[in-house]
Amino acid sequence: MAGRFGSGMTAGFIGLTLVTVGCGYDKANSANDANSGNGNGYIAAPDVEARVTRASGDLTQALATFRAQLGDPSNTIVGEQGAGRREINWDAVPATLTNLSNFPGDQFNRVVPRGQVFTTEGVGFRVSDNNLADLNPAYGNEFKAFSPTKIFIAVGSPIIRVNFQVAGSTTPARTSGFGVVFSDVDVAGSTSLAFFDAQGRLLKKVNAPVRSDANGHSFVGVTFSKPVVARVRIIAGAAGITGSNRDISAGGDADLVATDDFIAGEPHPIQ
C-alpha cells in the first residue's frame, strides 16, 4: 500500500488515560467515571489495564502487533480454546449471502465458529463483494476492501453490536480484546469502538484514525490484561449506509464508513 505505518500512528490522551500506540498499558483512573458511560475512555475495573493500537494507511505493522498481543493461533474450530484469537475477514461468505441486506447476525458463531453475534438498529447486515456499488455506484469509489474482496456493514445504521459467545455455542463469553479494520474514515471522531463488561459497564471507548492514503483503511483495537469484554459497540461513521445517501467526501452530509476484518481474542465462558 502507498501509506507508511508511521504516518498513520497517533499518541495522546483519551480522557485522562495515556494512550501509547503499539506499546504500554493504560491504568484505570476512575470506576465511577467509567460507569457513568461518559465515553471518555475510562476503564471500569481499576485492576484492568488496556493497550490501544491504531493505524491508518499501511496496516501491516499494526495488525501484526495486535495479533501478537492477542496470541496465536488463529482458532477456527468449535469450542473454547486455551489460547489464541478468532478472526473474520468476510471473504469466505457464500454467494447466497452476499450483496443482500439479510446477512444473518449469528452466521459467525452458529455456522462459522468465531464466537461473535451481531445486532443493529438498522434494517439488517450486508456483505458486499463490489464495495457496495450495487447499492449506489458512487460507493464503488468510496469503499475498498482490505482483505479482498468483501466488506461488511449494518444497513441503515452506523451501529454494530458484537456480543461474544463460546465459539459455536450460545454460552455467553468474555474476550481480552477486539479490533476492526475500517474503510473510508474521513472525519475524526466519527468512528469508534466502545467496550463493555458482562455487567454492561463501559470499559473503554476509542476512536479510529482518519484515512491517510488512497486505499482509505484505518485500524483500531484494544487488548486488555485479562478477558473482561462481553460486548463491543462499533460506530462506523456518522450515519448508516442506505444506498440513497452520499459520503461527505462526495458532497453528502455525513461520513459513511464500512468495515472489513474483525479480530478478537479467544472467547472464554463467563463464570
Side-chain angles (χ1 to χ4, degrees), residues 35 37 44-45 48 50 66-67 69-98 100-127 150-181 193-205 221-236 259-271:
N35 294 337
V48 177
F66 191 71
R67 288 179 172 120
Q69 291 169 3
L70 292 176
D72 291 324
S74 180
N75 298 318
T76 60
I77 62 175
V78 170
E80 180 192 13
Q81 304 303 302
R85 62 187 188 274
R86 302 272 175 167
E87 300 196 20
I88 301 172
N89 62 21
W90 316 108
D91 298 320
V93 170
T96 54
L97 295 176
T98 301
L100 302 170
S101 295
N102 60 356
F103 183 81
D106 63 351
Q107 177 77 5
F108 279 93
N109 188 53
R110 176 178 53 85
V111 179
V112 184
R114 299 296 184 269
Q116 300 176 36
V117 177
F118 312 123
T119 60
T120 183
E121 288 86 355
V123 300
F125 296 107
R126 189 180 190 95
V127 173
K150 296 176 182 177
I151 58 177
F152 178 68
I153 64 166
V155 182
S157 173
I159 298 174
I160 302 170
R161 290 190 175 89
V162 185
N163 290 279
F164 296 100
Q165 297 179 353
V166 173
S169 81
T170 58
T171 302
R174 294 182 291 197
T175 182
S176 60
F178 182 75
V180 176
V181 173
L193 301 180
F195 297 78
F196 299 88
D197 68 9
Q199 288 72 47
R201 297 173 298 183
L202 178 68
L203 296 166
K204 195 164 188 67
K205 180 181 177 183
V222 179
T223 56
F224 294 82
S225 53
K226 60 183 180 181
V228 291
V229 180
R231 179 171 64 85
V232 176
R233 183 185 66 224
I234 302 169
I235 299 182
T259 75
D260 202 326
D261 295 20
F262 287 14
I263 306 174
E266 175 67 21
H268 300 285
I270 296 173
Q271 303 299 323

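For the pair Leu202 and Ala194, the tightest heavy-atom approach, listed with the atom from each and the gap, is CD1-CB, 4.1 Å. For the residue pair Pro104 and Leu97, the shortest heavy atom distance occurs at CD-CD2, 4.0 Å. The two residues Ser101 and Val155 have their closest heavy-atom pair at OG-CG2, 3.7 Å. The two residues Gly82 and His268 come nearest to each other via the heavy atoms O-CE1, 4.2 Å. A pairwise comparison of heavy atoms in Asp260 and Asn89 identifies OD1-O, 3.6 Å as the closest pair. In terms of heavy-atom proximity, Ala154 sits nearest to Ile159 at CB-O, 3.8 Å.
A cation-pi arrangement is absent between Arg114 and Phe108 under the rule of less than 6.0 angstrom and at most 45 degrees off the ring axis.
Formation of a donor-acceptor pair under 3.5 Å by the Lys150 side chain with backbone atoms of Val93 is found in this model. A distance-only check finds no donor-acceptor pair linking the side chain of Ser176 to the backbone of Thr223 [under 3.5 Å]. Under a 3.5 Å cut-off, the side chain of Asp72 and the backbone N or O of Gly84 do not form any donor-acceptor pair.
Looking only at side-chain heavy atoms (C-beta outward), Val180 and Leu193 come within less than 4.5 Å of each other. Using a 4.5 Å heavy-atom threshold, the side chains of Ile88 and Phe152 count as separate. Taking the side chain as every heavy atom from C-beta outward, Thr98 and Trp90 never approach each other to under 4.5 Å. Contact check for Val229 versus Leu203: side-chain heavy atoms found under the 4.5 Å cut-off. Between Arg86 and Pro113, some side-chain heavy-atom pair lies under the 4.5 Å cut-off.
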Q: Check step by step if side chain to side chain donor-acceptor pair (under 3.5 Å) holds for Asn75 and Gln81.
A: CA-CA 8 Å; Asn75 298 318; Gln81 304 303 302; 5.5 Å; no
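A distance of 6.5 Å separates CD1 in Ile234 from OG1 in Thr259, rounded to the nearest 0.5 Å. In this structure, the separation between CD on Glu121 and CD1 on Ile160 is 11.0 Å, given to the nearest 0.5 Å. Here Arg161 contributes atom CZ and Ile235 contributes atom CD1; the two are 8.5 Å apart, rounded to the nearest 0.5 Å. How far CG of Asp106 is from OG1 of Thr119: 11.5 Å, rounded to the nearest 0.5 Å. Distance CZ/Arg174 to NZ/Lys226: 8.0 Å, rounded to 0.5 Å. Note that CD of Gln107 is 12.5 Å distant from CZ of Phe125, once rounded to the nearest 0.5 Å.
In this structure, Phe103 has its ring center at least 6.0 angstrom away from the ring center of Phe118.
Under the 4.0 Å criterion applied to side-chain N and carboxylate O atoms, Arg85 and Glu266 are not assigned as salt-bridge partners.
Looking at residues two or more places apart in sequence or on another chain, you find a ring pair (Phe, Tyr, Trp, His ring centres under 6.0 Å) between Phe195 and Phe224.
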